[in-house]
Amino acid sequence: MKQIFIFIIAILMFGACKKDLGNYDYHPPSEPTIYNLKDTIINAVVGDTLTINPKVTFPDADPIKDLSFNWEIEIAEELRSITLSGYPLKMLYNLGTGERRAKLHVTDKRNGLKYTIPFKIKGTTQFTAGTIVLTVDNGVTKLAFIRPDKSVINNLYEGLNGKVLPTNPVQLYHAKPLPYQPNNKEEIWVLCNDPAKESTILDGATLLYRNPFSTQFFKAPQRINIGRIEGIEEMGIVAHGTVNDKLYRGTLSTAPFVPDYGKFANSADGDYLLSPYYAMIIGKNNQGQSSSFYFGFNAKDNSFVSFDGGGIYRGTDYVVDNSISQANSFNPKSTGQGQLIYMKPSSGTSYAFIKDESGIVQELSFRIAMENYATRTISPIYKRVFKGNSLVNADTKWQRSAVNVFYFSANDKIYKYNPVNEDLILLEGTYSGKKVTMLKLSADGTRLTAGYEGAILTLDVSVGKNGNILQTQTGIQGAVIDQVIKN
């Protein structure tokens, strides 16, 4: 009896369904169509605005009013993703180089239906060739980038990283690996002496923030005050420099492809305060073997000092040879009270400019013979009042050519000085009466680059030329402190 009852119910239900068939019309919801996006690769340039606005059609609806757009971009190396909303996608691209997986999530706000369109973004960089410029704009440290076509991107660091650089900028340093250092990435060091904020290390390809400068040390000192950082061209990313008035050298004890290669270990021990105007001098000894040493000035007792090729402080344990000294000579182990304002020493004849306790700039000439470091010798030649003494001020910038021709600034003017005959010449190039804030001389000594508020000039200082302007670059925000040319 129970089975008969179930059978009757089933027949009635079948009949009801059959009777209902055809009594209504099914209208599937309209589906948006996104053109030219699915499984494509969108090119993005780091530091430029990325805009993605594919064509969208939506039958019987308004795409902008009835759809919501959410863009998801994966950052695989950080195990995270970012999400941006709206149409079109518009962002300053700062996610580095290489391909990144991305998705566009489209939601029909009328019914909640969602659609996902996968694609990829390929980040490239516009910073492969051009000039990175460090400036100060009303007390704020900034970076600018000059493209090869001379167009300028200002306030680049803040735009890319959403941060402000430390104050009191000192220099830019380009840490560029050699071909046999494939696992060491190119870096730009933005070196500042801000007591409240560390200097920064940027990715050399993208100019994105990478690390604080303290990570360049195995064990960072509590205080990091930058004097000057120099590179060892033959060793790629290995650098040396003055930090807290001490000599620091990048380590060479590890393989070039490991992360610790080139990091700073402990400073060179010794009772000295090393001026930033020192040099690592590389040459050959009497046997034709490669030889290197460091030569500088100890501001603690006003003496010329040296370090051996391994960075061990040797102080004044050199021989003083007075055989070529003139009557107005000096003692290199005790030059008298004063402040070294510029020196770029080299083997052979060198010069130093020291402001004495009365404020007079003295020019010191001497010979350095330390290629055979076991018989290291300094031969003082003379001490005299610098012919350009009255022109030197606290903001004077200096450069020296390989043949000991000096260039220095005096407010808005630049002078050329040859100590052999005391020839002092005013160069032609100037910029709107503005003060010179940077000087850099090309390696071949034929072009002098001068930085100003808002501009950079390139002057011709080759043989027979008097500093006429070869190129003018304007449109830079702030006073130029330093530059790095990438090519």
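All values below come from the heavy atoms of this structure, side chains included, with hydrogens, waters and symmetry mates left out.
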Could you go through the ring-ring contact (aromatic ring centres under 6.0 Å, His included) check for Phe366 and Phe304 one step at a time?
CA-CA 11 Å; Phe366 51 96; Phe304 292 103; 4.8 Å; yes
Side-chain H-bond candidate by donor/acceptor type, Asn70 with Thr83, under 3.5 Å
no
Please report the closest heavy-atom contact between Thr51 and Lys90, naming both atoms and the distance.
OG1-CG, 3.8 Å
Side chain to side chain contact (heavy atoms under 4.5 Å, CB included) for Met343 and Tyr351? Distances and angles first, verdict last.
CA-CA 6 Å; Met343 175 178 70; Tyr351 299 86; over 6 Å; no
Checking side chain to side chain contact (heavy atoms under 4.5 Å, CB included) for the pair Leu364/Ile354: CA distance, chi angles, key distance, verdict?
CA-CA 8 Å; Leu364 279 59; Ile354 296 177; 3.9 Å; yes
Drop me the distance from Ile481's CD1 to Leu191's CG, to the nearest 0.5 angstrom.
13.0 Å
Under 4.0 Å between a side-chain nitrogen and a carboxylate oxygen: does that hold for Glu72 and Lys103?
no
Would you say Asn53 has more than 12 foreign heavy atoms packed within less than 6.0 Å of its CG?
yes
Side chain proximity check, Ile117 to Val106, heavy atoms < 4.5 angstrom
yes
Any donor and acceptor pair, going by atom type alone, linking the side chain of Asp137 with main-chain N or O of Val140 inside 3.5 Å?
no
Go through the steps to decide whether Leu156 and Leu207 satisfy the test side chain to side chain contact (heavy atoms under 4.5 Å, CB included), and finish with yes or no.
CA-CA 8 Å; Leu156 183 63; Leu207 301 188; 3.4 Å; yes
Ring centre gap for Phe127 and Phe145 strictly below 6.0 Å
yes
Quick check: are there more than 12 heavy atoms from other residues, nucleotides or ligands sitting under 6.0 Å from CG of Asn138?
no
Tell me whether Asn298 contacts the main-chain N or O of Leu273 through its side chain, where contact means a donor paired with an acceptor under 3.5 Å.
yes
Measure from the ring center of Tyr272 to the ring center of Tyr313 and say whether it is less than 6.0 Å.
yes
Can we call the ring centroids of Phe213 and Trp189 under 6.0 Å apart?
yes
Within a strict 4.5 Å, meaning less than it, do heavy atoms of the Tyr248 and Thr242 side chains meet?
no
Inspect the contact between Arg101 and Glu74 and indicate whether a charged nitrogen and a carboxylate oxygen are less than 4.0 angstrom apart.
yes
What heavy-atom pair brings Gly86 and Trp71 nearest, and what distance separates the two atoms?
O-NE1, 2.7 Å
Between Lys300 and Asp245, is there a salt bridge with N-O shorter than 4.0 Å?
no
Do the non-hydrogen side-chain atoms of Thr124 and Val46 ever get within less than 4.5 Å of each other?
no
Tyr407 side chain near Val461 side chain, heavy-atom distance below 4.5 Å
yes
Quick check on the 6.0 Å ring-centre criterion: do His240 and Tyr278 meet it?
yes
With a 4.5 Å limit on heavy-atom distance, are the side chains of Leu143 and Val190 in contact?
yes
Looking only at the side chains, is there a donor atom on one of Gln126 and Arg147 sitting less than 3.5 Å from an acceptor on the other?
yes
Identified salt bridge (charged side-chain N to carboxylate O under 4.0 Å, His left out) partner of Glu422 from the options Arg384, Lys387, Lys416:
Arg384
Phe353 ring center near Trp398 ring center (under 6.0 Å):
yes
Which atom of Ile121 lies closest to which atom of Ala44, heavy atoms considered
CG2-CB, 3.8 Å
Indicate whether any N or O donor in one side chain lies under 3.5 Å from an N or O acceptor in the other, for His174 and Glu187.
no
Counting only heavy atoms not in Asn487, do more than 12 fall under 6.0 Å of its CG?
no
Residues, nucleotides or ligands: over 12 heavy atoms within 6.0 Å of Lys465 NZ
no
Would one find more than 12 heavy atoms of other residues, nucleotides or ligands at under 6.0 Å from atom CG of Asn266?
no
Steps toward side chain to side chain contact (heavy atoms under 4.5 Å, CB included) verdict (Asn468, Leu459)
CA-CA 5 Å; Asn468 56 290; Leu459 311 181; over 6 Å; no
Given the side-chain rings of Phe386 and Tyr342, with only the six-membered ring counted for Trp, is the space between their centroids under 6.0 Å?
no
Going by the angle between their ring planes, with limits at 30° and 60°, are Phe69 and Tyr87 parallel, tilted or perpendicular?
tilted
Is there side-chain contact between Lys413 and Leu426, with heavy atoms separated by less than 4.5 Å?
yes
Any side-chain heavy-atom pair from Leu424 and Asn418 closer than 4.5 angstrom?
no
Leu457 side chain near Thr449 side chain, heavy-atom distance below 4.5 Å
no
Electrostatic pair Lys435-Glu453, nearest N-O below 4.0 angstrom
no
Quick check with a 6.0 Å cut-off and a 45 degree axis cone: is Lys38 positioned over the face of Phe119's six-membered ring?
no
Would a distance-only check, ignoring hydrogens and angles, find a side-chain to backbone donor-acceptor pair under 3.5 Å from Thr167 to Asp194?
no
Can you check salt bridge (Lys or Arg N to Asp or Glu O under 4.0 Å) on Asp66 and Lys109, steps first, answer last?
CA-CA 5 Å; Asp66 297 323; Lys109 293 188 288 187; over 6 Å; no
